[in-house]
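Shown next, in structure tokens, is the structure this report addresses.
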Amino acid sequence: MSTAISPVRNAASRHTVGRPTGRCRRERPRDRNERYVTENPSTPALEDDLPEQMKVRRDKRAALLGEGGKPYPLGVKRSVTLARLRATYGDLGAGESTGETVTVAGRVMFVRNTGKLCFATVREGDGTELQLMLSLAKVGEQALADWKRLVDIGDTVAVTGEVVSSRRGELSVMADSWTMAAKALRPLPVAHKPLGEETRVRQRYVDLIMRPEARRNARQRSTVTRALRDILHDADYIEVETPMLQVLHGGATARPFVTHSNAFDLDLYLRIAPELYLKRCLVGGIEKVFEINRNFRNEGADSSHSPEFAMLEAYEAFGDYQTMASLITSLVQGAATRTFGSTLVRHVDGVELDLGGQWRRVTLFDAISEALGETVTIDTPYETLVSYAEKTDLGVDPVWGPGKLAEELFEHLVVDSLIEPTFVFDYPEETSPLTAAHREAPGLTEKWDLYVRGVELGTGYSELNDPVVQRERFVQQAALASRGDDEAMPLDEDFLRAMEYGMPPAGGMGMGIDRLLMALTGLGIRETILFPLVKPEV
RNA sequence: GCGCCGUUAGCUCAAUUGGCAGAGCAGCUGGCUCUUAACCAGCGGGUUCGGGGUUCGAGUCCCUGACGGCGCACCA
């Protein structure tokens with residue numbers, strides 16, 4: 001098996017993930033605008049080449065500084081949030097004033113400077129906006145002139161003044177004074193044109209400033225993960241964190257990322273799954289255990305796959321795959337209810353999806369048989385399966401055994417049609433090396449996959465806990481490795497040793513967090529992940 | 001990894017057969033004490049993704065590289 005991984009090992013020593021020196025200097029500036037933000041004082045002449053709008057903002061920062069002002073003061077105090085102010089005075093009538101003086105702060109999103117009365121709209125992080133008014137009569141000539149001269153859209157400002165309603169009925173703070181809270185050196189994008197796809201992903205901070213949906217998505221994700229944790233904690237589960245840096249990769253079939261420990265002079269894998277460690281927890285007596293954390297898989301990226309993705313895995317001693325099917329149902333339905341108030345969710349494309357009730361259940365081979373119009377079982381001969389594959393234009397990899405081929409047929413013929421939540425039960429032993437043999441059906445395992453919108457959302461098992469059978473399965477996988485299947489796992493002797501101390505019978509499940517968000521919202525994976533991996537710009 | 005398409009001002013986009021690189025918003029100057037994508041007058045802003053080539057002349061054609069989108073392959 002070491003022959004299978006040695007090429008990866010060699011590649012890794014050239015491209016380690018960790019950076020020993022901790023330095024990360026780019027060899028070339030990222031774009032022409034960025035040369036000027038380096039601290040290097042020996043390039044002042046380039047200042048002349050700055051795009052006009054950035055130069056203007058830098059000049060304003062310098063002007064503020066030169067006059068004894070502070071473009072980035074510390075300890076800016078606000079007395080009330082915009083949201084609270086709106087909640088308190090939302091029904092103030094047009095032209096009314098409150099007599100209450102407050103200090104508010106926010107990012108300037110809109111500016112209307114006139115001769116003697118200036119308007120601005122500021123916004124705080126959750127998207128709540130409030131109007132500021134600066135009148136000559138209240139702030140005085142100097143402060144008004146400074147405001148017009150120094151404030152740009154995008155700056156964060158703090159204003160102290162009375163809470164009033166404008167003649168048009170807009171809740172406002174009528175300033176007695178204003179201060180810069182943080183000067184923006186780059187102009188914000190136009191508010192009325194949608195931001196380009198790439199900018200949204202690469203500069204999520206801009207996306208979060210400009211797009212309400214981006215702010216909402218980020219907050220929804222937090223609500224969903226908190227719901228999952230709450231539900232699990234309520235069921236007496238214990239949350240653990242197991243290694244991301246592993247000496248051996250295991251627990252799933254996937255190609256790993258490789259990195260290197262300088263201290264140990266040892267190549268390490270970023271984990272592809274936490275499973276083998278969570279099972280060690282079961283052995284140690286943490287009988288209901290879960291982890292929500294990242295996995296890393298060195299494989300293709302598309303609308304439903306990201307090289308790093310968050311996953312929930314949960315294991316329950318004395319449970320089985322039926323236990324875990326119930327658990328994932330309550331997790332998905334609980335997350336939907338706690339986040340959206342209902343198990344009937346509306347996706348961004350307007351399509352509604354009902355996640356409520358009992359979900360459909362079908363066995364893998366029944367699903368294949370139905371799609372094919374021919375009865376297929378675990379006993380269907382390999383040659384017959386190959387003929388079905390050829391009939392349906394599925395290319396057959398000679399490395400595949402009959403079980404793998406059956407699964408490929410399923411993915412080829414059935415998966416796309418599984419829109420409503422559907423459990424697919426009872427997979428071949430061949431492709432499930434960590435799963436217990438089925439109690440009734442020889443050759444099958446007690447495993448389900450949960451599909452929503454044609455995407456695998458989660459998977460569950462009656463866990464294999466016979467250490468002798470487990471070792472045999474691993475040896476089989478290692479044999480596969482020597483046949484060129486580089487996803488097969490190396491033998492994890494420490495895991496097998498743990499199993500030999502006795503793991504209680506248990507059910508286990510895994511669910512993609514990003515995919516759960518996708519199932520709940522209809523978003524692509526790059527929208528559910530705040531900062532998805534992107535290639536460097538230059 | 002393979003194929004197709006794209007990359008132009010701060011942002012979103014135009015530019016005819018290869019013939020002076022434009023608009024809206026944003027910005028700058030001036031005006032306006034109730035504006036909401038204000039309005040009025042005036043002004044500036046470009047390495048057309050990088051490199052090479054063809055041509056009197058290239059945003060446009062050819063080669064090459066980077067990045068992105070879509071499809072395929074791989075995967076969850």
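Labels below follow one simple rule: chain letters A, B, ... track the order of the sequence lines, proteins then strands, and each chain is numbered from 1.
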Please list all pairs meeting salt bridge (Lys or Arg N to Asp or Glu O under 4.0 Å) that have one or both residues in residues 132-146 of chain A, counting only residues at least two apart or in different chains.
D146(A)-R149(A)

Nearest whole Å is fine: how far is C11(B) P from R186(A) CZ?
9 Å

Is there a side-chain polar atom (N or O) of T114(A) under 4.0 Å from OP1 or OP2 of C39(B)?
no

Just to be sure I follow the notation: if a pair is Watson-Crick (purine N1 to pyrimidine N3 plus N6-O4 or O6-N4) or a G-U wobble (N1-O2 and O6-N3), each under 3.5 Å, what dot-bracket string does RNA chain B give, with | for pairs to another strand?
(((((((..((((.....[..)))).(((((.......))))).....(((((..]....))))))))))))....

Which nucleotide wins on minimum distance to the side chain of L117(A), given the candidates U12(B), C28(B), U33(B)?
U33(B)

Closer than 4.0 Å, any side-chain N/O of R526(A) to the OP1 or OP2 of G69(B)?
yes

R112(A) vs A38(B): side-chain N/O to OP1/OP2 distance below 4.0 Å:
yes

Touch check for N295(A), heavy atoms < 4.0 angstrom, all strands: base, sugar-phosphate only, or nothing?
nothing

So if I take every side-chain heavy atom of L195(A) and compare against C11(B), G27(B), U33(B), which nucleotide ends up nearest?
C11(B)

Scan A301(A) against the nucleic acid and name what it touches under 4.0 Å (heavy atoms): base, sugar-phosphate only, or nothing.
nothing

Compare the minimum distances between each of C67(B), C28(B), G44(B) and the side chain of E52(A), then state the nucleotide with the smallest one.
G44(B)

Heavy-atom pair with the smallest gap, counting every atom of K148(A) and C118(A):
CE-SG, 3.8 Å

Just call it for S304(A): base, sugar-phosphate, or nothing, with non-hydrogen atoms closer than 4.0 Å on any strand.
base

Quick one: label G510(A) by what it contacts on the DNA or RNA (base, sugar-phosphate, nothing), any heavy atom closer than 4.0 Å.
nothing

Name all pairs fulfilling the salt bridge (Lys or Arg N to Asp or Glu O under 4.0 Å) condition that reach into residues 303-315 of chain A, sequence neighbours left out, sorted by first residue then second.
R294(A)-E308(A)

Nearest to the side chain of V56(A), heavy atoms from C-beta on, is which of G27(B), G10(B), A76(B)?
G27(B)

Check the phosphate of C25(B) against K193(A), side-chain N and O only, distance under 4.0 Å to OP1 or OP2. Yes or no?
no

Geometric cation-pi criterion K447(A) and Y427(A), 6.0 Å radius, 45° cone
yes

Under 4.0 Å, counting only non-hydrogen atoms across every strand here, what does M133(A) touch: a base, just sugar-phosphate, or nothing?
base

If the threshold is 4.0 Å, N to carboxylate O, is there a salt bridge linking D514(A) and R221(A)?
yes

May I have the distance from R57(A) (atom CZ) to G45(B) (atom P), rounded to whole angstrom?
18 Å

Which nucleotide sits closest to the side chain of I153(A): G27(B), A76(B), C34(B)?
G27(B)

State which of U33(B), G10(B), G27(B) makes the closest approach to the side chain of P187(A).
G10(B)

Need one value for S306(A): base, sugar-phosphate or nothing, where a base atom within 4.0 Å counts as base even if backbone is also close, heavy atoms only.
base

Residue mapping more 5' on RNA chain B - nearest nucleotide basis, G169(A) or Y451(A)
G169(A)

R297(A) side-chain N/O to C74(B) phosphate OP1/OP2 under 4.0 Å
no

Just checking R200(A): base, sugar-phosphate only, or nothing, at a heavy-atom cut-off of under 4.0 Å?
nothing

Would you indicate what D302(A) reaches in the nucleic acid, counting non-hydrogen atoms under 4.0 angstrom: base, sugar-phosphate, or nothing?
base

Residue E299(A), side-chain atoms from C-beta onward, closest of G10(B), A76(B), G27(B)
A76(B)

Looking across every strand, which nucleic acid part, if any, lies under 4.0 Å from G512(A) by heavy atom: base, sugar-phosphate, or nothing?
nothing

Please work out if E456(A) contacts a base, only the sugar-phosphate, or nothing of the nucleic acid, heavy-atom cut-off 4.0 Å.
sugar-phosphate

Does a nitrogen or oxygen in the side chain of K60(A) sit under 4.0 Å from OP1 or OP2 of C28(B)?
yes

Which nucleotide in the set G27(B), A37(B), C34(B) lies at the smallest distance from any side-chain heavy atom of Q53(A)?
G27(B)

Sort and list the pairs that fulfil salt bridge (Lys or Arg N to Asp or Glu O under 4.0 Å) and have at least one residue in residues 151-163 of chain A, not counting sequence neighbours.
K60(A)-D152(A), D152(A)-K183(A), D155(A)-K183(A)

Can you list the residues that meet the side-chain contact (heavy atoms from CB on, under 4.5 Å) rule with E241(A), with sequence neighbours excluded?
E291(A), N293(A)

Counting only pairs under 3.5 Å, give me each side-chain donor-acceptor contact of residues 527-535 of chain A, with atom names and distances, residues two or more places apart or in other chains.
{"from": "E527(A)", "atom 1": "OE1", "to": "R211(A)", "atom 2": "NH2", "distance (Å)": "3.2"}
{"from": "E527(A)", "atom 1": "OE2", "to": "R200(A)", "atom 2": "NH2", "distance (Å)": "3.4"}
{"from": "T528(A)", "atom 1": "OG1", "to": "I525(A)", "atom 2": "O", "distance (Å)": "3.0"}

Which of these nucleotides, U12(B), C34(B), G27(B), is closest to any side-chain atom of F119(A)?
C34(B)

To check you understand the geometry: which heavy-atom pair defines the closest contact between L353(A) and I419(A), and what is its length?
CD1-O, 3.9 Å

Just compare C28(B), A38(B), G68(B) and give me whichever is closest to any side-chain atom of E198(A).
G68(B)

